[in-house]
Amino acid sequence: MPSSRTGKPPVQRASRRPRPAVPRAPRENPVQRLLTRARKAWDRPLTAYYLIVGGSVLITVLGLVMVYSASQITALQLSLPGSYFFRKQALAALIGGALLFAASRMPVKLHRALAYPILAGAVFLMILVQIPGIGMAVNGNQNWISLGGSFQIQPSEFGKLALVLWGADLIARKQERKLLTQWKHMLVPLVPVAFLLLGLIMLGGDMGTAIILTAILFGLLWLAGAPTRLFAGVLSVAALIGVTLIKTSPNRMARLACIGATEPKTGVADCWQAVHGIYALASGGLFGSGLGASVEKWGQLPEAHTDFIFAVTGEELGLAGTLSVLALFAALGYAGIRVAGRTEDPFVRYAAGGVTTWITAQAVINIGAVLGLLPIAGVPLPLFSYGGSALLPTMFAIGLLIAFARDEPAARAALAMRQPRFGRKRAGGSGAERGPRRWNTMRRRASAARSSGER
């Protein structure tokens, strides 16, 4: 046996056995990991609640900023302070915020109890509009009531909220009694009452609001599971009435002829507003000319702070600003559909679906008109355009969605389990009775890890 340099026999070392190969888990793609996390966050119980609250607040705040920017020149042309329209819109937003908070805290039973009083009040006010000396005409439409001074109210805007609440309560009660299988219970009295509201609105000449009300009616019928033949029949009747009203009005025919127009024309259909809306969007570029730097609002673009505020947004904030507005409305619409699809309460499903149809259809009609894809209907962009009469019922409707999103069983449990960020609330008493602070818990975990040999 060979000896080592020290004269001692070499130490026999045990031969190392090869370790069994442990299969490594395949590394997840970073994009796939991000999508997985986003999907998990998207499926959380409070996702719809946060989307509704965050989306509505962002749309309202951005709308206030754009109303201030787009209305300054119009106010100065009328010999008014530059912040005149902004202050009125901010006051309406404060009142609407109070309505939103109240609606979000009301129980579902109270919402259902308010359906009939709101419907009766809306019908009464729309009848008052047609009485000479009480009703006012604005831009050719007899749909306003003066409240004194510069304050006016448009009762047809509250008719949208009335149809949503009353229609949802009516269909829910009929579903509970299993009456929706008969076509007469599906249509009566929902369709006659909706036609009553439409008739009162069309007496004033406001076809834009009538289109939104028709969309709400069809949304409720669709959610109630109306048969295809019944749905197609009501749609055909509505389309026939709409075509008749358009052909008998030169103003509406002129608006229809301005779809896709790129330059002003001569004659009745001059398309001035539609064309300058396209000019405003085209001059905005990717990031816009800057907040307050719009050129079209200096008298070239009519109704810059109301119906065509989206065009001024595109000019000042560019494609990035308009896509942000579209994304906020898309998130709000998705959250409303999610609330309507996950609930087991029939009234909540119909009311949430009706509100979502209302806001989504009105946003599509307004933005489509600005883009030149639809005729100019004269409807404001929800939560964004100037107009307190449109803002107040819309914010109350958003409060309904928030209340419904909070009332989901999973969301209710998640809200009940939420704790303050730095430990539990103090319930009073000695320190031994109070729950541990967060940092104390983490410190105990660290000391336990060190005592077990980990470094």
- Message: Assess whether a salt bridge exists between E316 and K297, defined as any Lys/Arg side-chain N lying under 4.0 Å from an Asp/Glu carboxylate O.
- Response: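 The answer is yes: the pair qualifies as a salt bridge.
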
- Message: Would you say OH of Y116 has more than 12 non-hydrogen atoms from neighbouring residues, nucleotides or ligands within 6.0 angstrom?
- Response: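 Above 12, so yes.
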
- Message: Pairing donors with acceptors under 3.5 angstrom, does anything connect the side chains of Q154 and D206?
- Response: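 A donor-acceptor contact under 3.5 Å links the two side chains.
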
- Message: Which residues pass the ring pair (Phe, Tyr, Trp, His ring centres under 6.0 Å) test with H276, not counting sequence neighbours?
- Response: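 So H276 forms a ring pair (Phe, Tyr, Trp, His ring centres under 6.0 Å) with W272, Y279.
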
- Query: Who pairs with D407 by side-chain contact (heavy atoms from CB on, under 4.5 Å), at least two apart in sequence or on another chain?
  - Reply: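 V108, R412.
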
- For A405, what residues pass the side-chain contact (heavy atoms from CB on, under 4.5 Å) criterion, not counting sequence neighbours?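 A405 satisfies side-chain contact (heavy atoms from CB on, under 4.5 Å) with Y49, I52, V339 once adjacent residues are dropped.
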
- Item | Residue pairs involving residues 290-332 (criterion ring-ring contact (aromatic ring centres under 6.0 Å, His included); sequence neighbours excluded) |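 For residues 290-332, and leaving out neighbouring residues, the ring-ring contact (aromatic ring centres under 6.0 Å, His included) pairs sorted by first residue read F85-H305, H305-Y386.
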
- Kindly state each residue pair satisfying ring-ring contact (aromatic ring centres under 6.0 Å, His included) with at least one member in residues 187-230, sequence neighbours excluded.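 Qualifying pairs: F218-F231, W222-F231.
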
Heavy-atom check, side chain of [X] versus side chain of [Y], under 4.5 Å:
{"X": "V295", "Y": "S283", "answer": "no"}
{"X": "I95", "Y": "L391", "answer": "no"}
{"X": "I241", "Y": "L198", "answer": "no"}

Please tabulate, for the side chains in residues 343-352, all donor-acceptor contacts under 3.5 angstrom to protein atoms that are two or more places apart in sequence or on a different chain.
{"unit_1": "T343", "atom_1": "OG1", "unit_2": "D345", "atom_2": "N", "d": "3.2"}
{"unit_1": "D345", "atom_1": "OD1", "unit_2": "F347", "atom_2": "N", "d": "3.1"}
{"unit_1": "Y350", "atom_1": "OH", "unit_2": "Q175", "atom_2": "OE1", "d": "2.3"}

- Message: Assess the residue pair I359 and I398 against the criterion (side chain to side chain contact (heavy atoms under 4.5 Å, CB included)); give the C-alpha distance rounded to whole Å, side-chain angles, the decisive distance to 0.1 Å, and a yes or no.
- Response: CA-CA 9 Å; I359 295 176; I398 294 296; 3.5 Å; yes

